[in-house]
Amino acid sequence: MAEQVRAIRTRQTILSAAAKIFEEHGYQAATISQILKEAGVTKGALYFHFQSKEDLAQEVLAGQDHRIMVPPRTSKVQEIVDVVMLQAHRLQTDPMVRAGVRLSMDQLAQDIDRSGAFLRWAEVGLELLQQAQARGELLPHAVPAETADVIVGSFAGIQSMSQAICEYRDLAGRVSALMRHVLPSAVTPCILASLDLSESRGARVYAEALKVAEAQEVLGAAS
């Protein structure tokens, strides 16, 4: 049991180190030697858990879109907003998310599949928008698949701009503005009027999601 716990910790240490190096240097310039030095582990320990730098990068990419989930909302449009604002907050606070997004946007990272994160986020948006459409929250002409792609693509550009200008410090404001500009083209006026698009929304959703996750862990341990 102790060995298993130690192995899990070592794997996470290596992943965290890889995320830091990928974020700082990009995929192409990052080296296994840099990751080993940052992690403080041997080459054997790294290759026990990961087959290659490509394998590490794919794990970091996958790390940006799980662990923290938005609780279900009565309004599915608000749930979409919360998903986007939560991701913005995590970009500001979570090195693993920042590294995953950096890799997703790195056009020089030709050895890895960068499409996965975009496709997964588009699927999340599409599912929520289809639910919103079924509840009458969208305008008649709205096409959920198109709107989902526009939101994901626009967010990618907004976060890249924020990172280049001020290391994400203004990201919450930029994402709030994005939602205010995009949603009126697809969402009914009565739903628009009820939405919380404030810059602090992401931080509040994050705190709420953590409480839900902790409660689920307690229930899981009790059962």
Side-chain angles (χ1 to χ4, degrees), residues 4-20 22-23 38-39 56 58-104 116-129 131-132 148 151-152 155-156 158-159 162-163 166-180 183 194-223:
Q4 184 179 10
V5 171
R6 187 160 49 249
I8 292 172
R9 288 176 179 171
T10 299
R11 188 179 190 279
Q12 188 56 49
T13 296
I14 295 169
L15 262 183
S16 297
K20 184 175 187 295
F22 288 141
E23 183 187 2
E38 180 67 30
L56 270 168
Q58 293 295 167
E59 287 289 330
V60 172
L61 276 167
Q64 66 177 293
D65 59 359
H66 61 81
R67 294 187 295 178
I68 304 295
M69 303 297 293
V70 173
R73 308 299 191 197
T74 302
S75 166
K76 292 303 165 181
V77 174
Q78 182 67 64
E79 193 168 334
I80 293 166
V81 170
D82 289 353
V83 167
V84 176
M85 296 299 285
L86 174 60
Q87 184 69 353
H89 177 75
R90 294 179 69 209
L91 261 171
Q92 293 178 309
T93 59
D94 190 330
M96 185 68 69
V97 175
R98 287 197 300 273
V101 171
R102 167 74 186 268
L103 287 172
S104 297
F118 293 104
L119 294 174
R120 285 191 295 273
W121 283 116
E123 288 175 1
V124 170
L126 174 59
E127 181 179 354
L128 289 172
L129 284 164
Q131 293 177 28
I151 291 174
V152 172
F155 180 86
I158 286 292
Q159 69 79 26
S162 178
Q163 188 275 331
C166 61
E167 290 294 328
Y168 298 121
R169 287 191 298 275
D170 67 355
L171 183 57
R174 290 184 182 276
V175 173
S176 177
L178 169 66
M179 294 289 96
R180 292 198 308 272
L183 294 180
S194 70
L195 297 177
D196 182 353
L197 304 176
S198 60
E199 295 182 21
S200 62
R201 182 71 181 181
R204 286 184 280 118
V205 171
Y206 180 75
E208 179 190 5
L210 278 183
K211 288 182 179 179
V212 171
E214 290 170 357
Q216 290 176 340
E217 287 182 4
V218 170
L219 288 174
S223 61

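Residue indices begin at 1 and follow the sequence shown.
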Original post:
Who passes side chain to side chain donor-acceptor pair (under 3.5 Å) against Glu208, sequence neighbours left out?
Top reply: Arg73
Original post:
Minimum heavy-atom separation for Ser104 to Phe118, with atom names?
Top reply: O-CE1, 3.6 Å
Original post:
How long is the span from the CD1 atom in Ile14 to the CG atom in Leu56, to the nearest 0.5 Å?
Top reply: 7.5 Å
Subject >> Chi angles and distances behind the side-chain contact (heavy atoms from CB on, under 4.5 Å) call for Leu86, Arg90 >> reply: CA-CA 6 Å; Leu86 174 60; Arg90 294 179 69 209; 4.1 Å; yes
**OP:** Could you list the residues that satisfy salt bridge (Lys or Arg N to Asp or Glu O under 4.0 Å) with Arg201, not counting sequence neighbours?
**Re:** Asp82, Asp196
**OP:** Looking only at non-hydrogen atoms, find the nearest pair between Ala132 and Val77 and report the distance.
**Re:** CB-CG2, 3.9 Å
**OP:** For residues Ile80 and Gly125, report the shortest heavy-atom separation together with the two atoms involved.
**Re:** CD1-O, 4.4 Å
**OP:** Apply side-chain hydrogen bond (donor to acceptor under 3.5 Å, both in side chains) to Ser176 and Arg180, showing your working.
**Re:** CA-CA 6 Å; Ser176 177; Arg180 292 198 308 272; 3.0 Å; yes
Subject >> Heavy-atom pair of closest approach, residues Met85 and Val175 >> reply: SD-CG1, 3.4 Å
Original post:
Do Val60 and Met96 come within less than 4.5 Å of each other through their side chains, counting heavy atoms only?
Top reply: yes
**OP:** Of all the heavy-atom pairs spanning Ser198 and Arg204, show the shortest one and how long it is.
**Re:** OG-NH2, 2.8 Å
Original post:
Below 4.5 Å, heavy atoms only, C-beta onward: do Leu171 and His89 meet side chain to side chain?
Top reply: no
**OP:** Look at the side chain of Arg174 and the backbone N and O of Ile158, then say whether any donor-acceptor pair between them is shorter than 3.5 Å.
**Re:** no
Original post:
Is the closest basic N to carboxylate O distance between Glu79 and Lys76 below 4.0 Å?
Top reply: yes
Original post:
What residues form a side chain to side chain donor-acceptor pair (under 3.5 Å) with Gln92, not counting sequence neighbours?
Top reply: none
**OP:** Return the set of residues passing side chain to side chain contact (heavy atoms under 4.5 Å, CB included) with Glu167 (not counting sequence neighbours), or none when no residue passes.
**Re:** Gln163, Arg169
Original post:
Passes side-chain contact (heavy atoms from CB on, under 4.5 Å), Gln159 versus Val101? Steps please.
Top reply: CA-CA 9 Å; Gln159 69 79 26; Val101 171; 3.3 Å; yes
Original post:
Hey, mind stepping through Val81 and Leu183 against side-chain contact (heavy atoms from CB on, under 4.5 Å) and telling me if it holds?
Top reply: CA-CA 9 Å; Val81 170; Leu183 294 180; 3.7 Å; yes
Subject >> Counterpart residues, ring-ring contact (aromatic ring centres under 6.0 Å, His included), relative to Phe155 (two or more places apart) >> reply: none
Original post:
Can you name the residues that form a salt bridge (Lys or Arg N to Asp or Glu O under 4.0 Å) with Glu38, not counting sequence neighbours?
Top reply: Lys20
